[in-house]
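Below is one structure, written out as structure tokens; comments come after it.
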Amino acid sequence: MNYDFTKIEKKWQDKWEAEKPFTAFNDSVKQKYYILIEFPYPSGIGLHIGHPRPYTAMDIVSRKKRMMGYNVLFPMGFDAFGLPTENYAIQNKIHPADVTRENIKRFTSQLKMLGYSFDWSRCVDTTDPDYYKWTQWIFLKLFEHDLAYKAFIPVNWCTSCKCVLANEEVIDGACERCGAEVVRREKSQWMLRITKYAQRLIDDLDEVDYVERVKVQQRNWIGRSVGAEVDFKATTGDTIRIFTTRQDTLYGATYMVISPEHSLLQKWTSENPDEIRAYQEAAAKKSDFERTELNKDKTGVEIKGIKAINPVNGDEIPIFISDYVLASYGTGAIMAVPGHDSRDWEFAKKFNLPIIEVVSGGDVENEAYVDCDTGIMVNSPLINGLNVEDAKVKMNKWLTEQGLGEEKVNYKLRDWVFSRQRYWGEPIPIVECEKCGYVALPESELPLVLPDVKNYETTETGESPLASMIDWITTACPKCGGPAKRETDTMPQWAGSSWYFLRYADPHNNTALASKEAINYWTPVDWYNGGMEHTTLHLLYSRFWHKFLYDIGVVPTSEPYLKRTSHGFILGEDGEKMSKSRGNVINPDDYIAEFGADTLRLYIMFIGDFEKTAPWSYKAVKGCKRFLDRVWSLASGELDGQATSIDDISVDHEAAIHRTVKKVGNDIETLKFNTAIAALMSLVNDFYALPPKKADIRMLLTMLSPFAPHIAEELWELQGFDGYASEQNWPQYDESKTLDADIEIAVQIMGKLRGTIIVPLDSDDDFIIEAAKKDEKIAKNIESKEIIRTIVVKNKLVNLIVK
RNA sequence: GCCGCUGUGAUGGAACUGGCAGACAUGCGUGACUUAGGAUCACGUCCAAAACGGGUGCAGGUUCAACUCCUGUCAGCGGCACCA
């Protein structure tokens with residue numbers, strides 16, 4: 001009988017569909033284990049080969065955890081709001097909801113064809129009003145706690161999507177999604193105060209088990225730096241507050257720079273207003289990208305007729321505007337210390353400004369002395385002779401005493417721009433009342449359902465398609481009953497995914513986002529695997545929302561995910577990133593049809609280190625198919641012996657089986673799926689060398705079932721074993737049985753391998769040394785030499801040191 | 001510029017905590033079975049093969065022993081970046 005994977009896979013998938021063996025229970029006595037993968041965006045092109053890598057990995061973990069006796073929650077859903085669907089809808093004149101429904105259908109059937117053990121009864125869809133009701137509810141809570149606010153600010157505007165982007169969505173000055181240029185626009189936008197959580201988002205990383213690169217990247221993004229804010233007086237009488245991390249170098253400040261957008265500029269009358277206005281206008285026109293691109297050539301304009309006064313020595317110093325100072329960081333103003341900052345140094349050279357050395361050890365005439373931690377303060381009466389660190393401490397104290405400033409921590413993290421001028425997103429449940437300002441809709445009016453519109457396109461003025469729905473916009477203020485207008489922007493794609501893992505705990509609840517009991521039972525997520533590309537987007541956003549929900553008592557823990565791992569991308573056969581234009585895209589459907597889902601699952605895990613990128617190889621897929629063919633021909637025939645427990649396995653294979661149980665089990669827990677599969681292949685090779693008994697095959701199928709569940713169940717049934725392979729206990733190994741009775745150990749002379757000997761397991765040192773000396777090859781090597789030292793590593797090797 | 005990661009056969013990749021480098025797979029080679037083989041099975045496959053030889057990006061060091069630890073250096077990938 002042949003391995004007819006098409007028939008077998010259909011058979012078992014139908015069975016799982018009917019019997020639902022992978023349902024998670026909210027009232028189980030078993031220990032819970034919550035495994036999460038990032039739910040996909042159901043795009044029109046269907047499942048991509050990148051999807052099955054994390055899904056298969058976590059499916060294997062889920063299946064193994066179930067076999068270990070856990071009540072496993074392994075859910076799936078769809079993050080379905082977003083631009084591609086909207087664009088497709090615009091082009092084809094279909095409602096985005098219809099497109100979404102079709103895409104979800106297709107994704108679901110593709111996922112089912114891969115045999116994943118999802119609990120489909122908990123499937124969620126972020127575009128379902130029953131779901132986004134709670135996304136809106138959380139937004140209202142944020143608004144209530146002053147964490148959502150509307151502000152007129154310069155924003156990132158994607159010229160192609162015609163939409164505002166969050167900082168996290170801008171990559172090298174271009175749109176993260178479409179690659180088009182991002183320009184600066186002033187717009188009134190809803191914002192979320194993620195910055196209020198910056199410190200906790202850093203601190204709590206110490207509490208969770210995330211792979212290090214994720215922690216590093218988040219810390220990097222939040223960008224904490226410790227310094228001080230210091231007030232400089234201007235000759236106009238105004239105060240200019242600056243932020244610096246080098247308060248020790250205050251005596252070296254020979255000029256100031258403020259950003260072209262600084263508010264004081266509106267107030268001041270300088271001697272050169274035209275020059276200043278021209279510079280401001282030029283800076284405003286530049287995109288962020290252009291501004292950073294020009295970083296070699298420093299530009300700026302002095303504000304003539306106005307000076308600043310250095311608070312430490314009373315010196316009058318000039319003030320410049322320059323776009324190397326950002327309005328959005330710190331206070332938008334800096335003191336410039338050309339002696340110890342390379343940007344200031346460059347600027348000072350160009351504009352012929354004085355350079356004062358305040359930390360000794362460098363040569364400030366030739367270049368800024370920046371890495372001067374080991375230097376000693378000079379030319380700084382208050383702190384001369386101190387090292388840099390002590391100087392900072394003393395300076396902080398002095399600034400506080402004088403009322404001139406204080407120690408201050410700054411973050412690169414910006415508040416989250418939360419409005420999108422698009423149709424296919426959650427409506428923001430806020431109205432603007434002429435009298436009361438921004439007013440929240442009452443909870444009873446949720447969900448605020450997305451209305452049908454004729455036209456899904458953003459208007460030329462950059463307004464959401466909802467802006468043309470006059471009937472919908474016009475409403476009454478919930479507070480005073482007066483005339484009010486609805487918010488026409490929608491939420492960003494990241495809204496629905498910021499809390500979806502909570503919904504899985506209790507997906508059909510219509511009185512809360514999930515019941516308290518369900519949340520308390522299932523959360524936090526035990527293991528979350530996802531892509532590195534979400535580290536400073538979804539992962540950061542959802543940690544923020546979770547912390548807020550913790551603060552208002554909705555969830556029991558301040559962190560949503562206990563453990564975070566991340567997979568590498570799969571590249572095309574040419575080693576390049578897959579893309580339509582390169583023509584190297586791999587379609588999973590083709591592989592399921594040609595080799596079957598089990599082979600695809602196996603190969604995608606065998607391809608290489610799970611955490612690294614790996615190139616696809618058609619030929620290597622065939623190797624995995626060959627392996628399953630070999631398993632099939634071994635296990636589909638008549639087999640000898642009993643097969644009721646691990647004790648029935650044959651003596652010949654005992655050590656190999658125990659070793660494999662140990663290896664496969666450990667490797668699954670540490671994401672080493674490739675070596676787990678290699679171990680199973682080795683065992684099968686052993687079985688070819690020396691025929692296995694029935695109990696040996698039973699062990700093999702048990703271990704294979706998380707990886708290749710269809711073939712494992714089929715062979716299990718064929719052999720007449722009890723129940724299903726997937727519901728067996730995960731096998732226990734006996735450490736003492738993992739080694740053969742006789743083992744080969746290496747014999748080295750002077751650290752070089754000179755031969756091997758076979759000795760009984762756990763032989764003592766003297767026995768091994770004697771056995772080594774008796775070995776023919778070794779004896780020849782050491783005759784006429786004196787052994788002066790011997791090193792024995794038990795069951796591994798012996799090293800003879802000779803003279 | 002700063003931070004992090006990675007360099008191993010023809011290829012993808014193994015190697016626990018310093019203990020036989022190259023598991024497993026691909027590819028290639030030889031043989032068997034066959035009318036046939038792009039199927040299957042068996043064997044071989046780091047280089048060199050004279051061996052007490054050489055070999056994990058490169059140059060050193062520590063050690064009885066180094067892919068693994070240390071110093072320096074080169075290359076590639078990723079993140080951050082006029083962030084004061």
Side-chain angles (χ1 to χ4, degrees), chain A residues 171-172 212-225 227 242-246 249 257 291-298 322-326 328-337 340-344 346-347 370-371 410-414 532-533 535-536 568 575 603 606-609 611-624 626-627 629-630 633 663 666 670 672 674-682 684-685 688-689 744-756 777 780-782 788-802:
Chain A
I171 312 291
D172 292 334
E212 196 56 27
R213 56 189 175 143
V214 169
K215 290 191 183 184
V216 166
Q217 212 168 301
Q218 287 210 344
R219 283 195 198 105
N220 228 328
W221 183 259
I222 297 168
R224 179 179 198 264
S225 55
I242 61 107
F243 173 70
T244 179
T245 56
R246 295 302 305 275
T249 62
V257 186
R291 272 183 137 175
T292 52
E293 269 301 277
L294 295 169
N295 63 7
K296 277 165 212 126
D297 192 23
K298 297 263 177 296
S322 172
D323 59 8
Y324 88 82
V325 171
L326 308 174
S328 55
Y329 184 76
T331 59
I334 61 157
M335 64 171 190
V337 185
H340 303 281
D341 181 284
S342 43
R343 290 153 305 176
D344 297 346
E346 230 177 278
F347 193 89
V370 182
D371 295 320
N410 247 318
Y411 303 91
K412 287 190 222 169
L413 187 71
R414 295 282 93 84
M532 283 306 287
E533 71 275 19
T535 303
T536 54
Y603 174 64
F606 187 62
I607 192 167
D609 186 330
E611 304 194 66
K612 292 187 192 144
T613 55
W616 188 263
S617 161
Y618 177 82
K619 285 187 174 150
V621 179
K622 282 165 76 176
C624 289
R626 198 171 293 159
F627 166 66
D629 281 334
R630 279 159 73 81
S633 63
K663 176 99 185 124
N666 290 344
T670 52
K672 305 278 180 204
N674 51 339
T675 50
I677 293 166
L680 291 169
M681 288 173 167
S682 267
V684 167
N685 290 346
Y688 266 74
E744 185 188 72
I745 69 168
V747 183
Q748 295 181 334
I749 297 170
M750 305 292 287
K752 301 233 181 231
L753 182 69
R754 291 290 176 248
T756 55
K777 248 166 116 187
K780 219 163 76 189
N781 258 303
I782 56 171
I788 50 170
R789 196 177 154 196
T790 57
I791 294 123
V792 178
V793 181
K794 204 170 183 181
N795 296 333
K796 281 250 165 70
L797 65 67
V798 53
N799 190 4
L800 308 175
I801 311 305
V802 297

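In what follows, chains are A, B, ... by sequence order, proteins preceding strands, each numbered from 1.
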Figure out the CD1/P separation between A:I791 and B:G18, and round it to whole Å. 17 Å
Return the value, rounded to whole Å, for the distance between atom NZ of A:K298 and atom P of B:C82. 10 Å
Rounded distance (Å) that lies between atom P of B:A81 and atom CZ of A:R224: 19 Å
Name all residues meeting the side chain to side chain donor-acceptor pair (under 3.5 Å) criterion together with A:K215; count only those two or more places apart in sequence or in a different chain, and write none if there are none. none
Quickly work out the A:K672 NZ to B:A14 P distance and round it to whole Å. 7 Å
For B:C41, take OP1 and OP2 only and decide whether either is under 4.0 Å from a side-chain N or O of A:Y688. yes
Starting from P on B:C64, measure out to CD on A:Q748 and report it in whole angstrom. 13 Å
Can you sort out the partners of A:Y688 under ring-ring contact (aromatic ring centres under 6.0 Å, His included), two or more places apart, ordered by chain and number? none
Which sits closer to the 5' end of RNA chain B, A:A679 or A:T675, going by the nucleotide each is nearest to? A:T675
Locate the shortest heavy-atom distance separating A:G330 from A:F243; write the atom from each residue and the value. CA-CB, 4.2 Å
Measure from OH on A:Y411 to P on B:C83 and round the result to the nearest Å. 19 Å
Just jot down the side chain to side chain contact (heavy atoms under 4.5 Å, CB included) partners of A:S328, sequence neighbours excluded, or say none. A:L326, A:R414
Could I get a table of every N or O pair under 3.5 Å where one atom is in the protein and the other is in nucleotides 25-27 of chain B?
{"residue": "B:A25", "atom": "OP1", "partner": "A:N685", "partner atom": "ND2", "Å": "3.2"}
{"residue": "B:U26", "atom": "OP1", "partner": "A:R626", "partner atom": "NH1", "Å": "2.6"}

Enumerate, in order of first residue number, the stems that involve RNA chain B, defined as 3 or more consecutive Watson-Crick or G-U wobble pairs with both distances under 3.5 Å. B:1-7 with B:74-80, B:10-12 with B:24-26, B:27-32 with B:40-45, B:57-61 with B:69-73
Nearest to the side chain of A:A678 - B:C64, B:G19, B:C24? B:C24
With C1' as the reference atom in both, quote the distance from B:A15 to B:C52 in angstrom, rounded to an integer. 26 Å
d(CG, A:N674; P, B:G22) in whole Å: 18 Å
Calculate the interatomic distance between A:K663 atom NZ and B:C24 atom P; express it in whole Å. 12 Å
A:T536: side chain to side chain donor-acceptor pair (under 3.5 Å) partners, not counting sequence neighbours: none
Could you list the residues that satisfy side chain to side chain contact (heavy atoms under 4.5 Å, CB included) with A:K672, not counting sequence neighbours? A:D609, A:D667, A:T670, A:N674, A:T675
Pairs under 3.5 Å (N/O, protein and nucleotides 2-10 of chain B):
none

Return the set of residues passing side chain to side chain contact (heavy atoms under 4.5 Å, CB included) with A:I171 (not counting sequence neighbours), or none when no residue passes. A:E176
side-chain N/O A:R789 vs B:C64 OP1/OP2, d < 4.0 Å: yes
Indicate whether OP1 or OP2 belonging to B:A84 is found under 4.0 Å from a side-chain N or O atom of A:S225. yes
Euclidean distance for C1', B:U8 against B:C3 (whole angstrom): 26 Å
For A:V793, which residues count as a side chain to side chain contact (heavy atoms under 4.5 Å, CB included) partner, sequence neighbours excluded? A:K796, A:L797
Sequence neighbours excluded, the answer for side chain to side chain donor-acceptor pair (under 3.5 Å) partners of A:R343 is A:D341
Using the test side chain to side chain donor-acceptor pair (under 3.5 Å), find all partners of A:N666 that sit at least two apart in sequence or belong to another chain. none
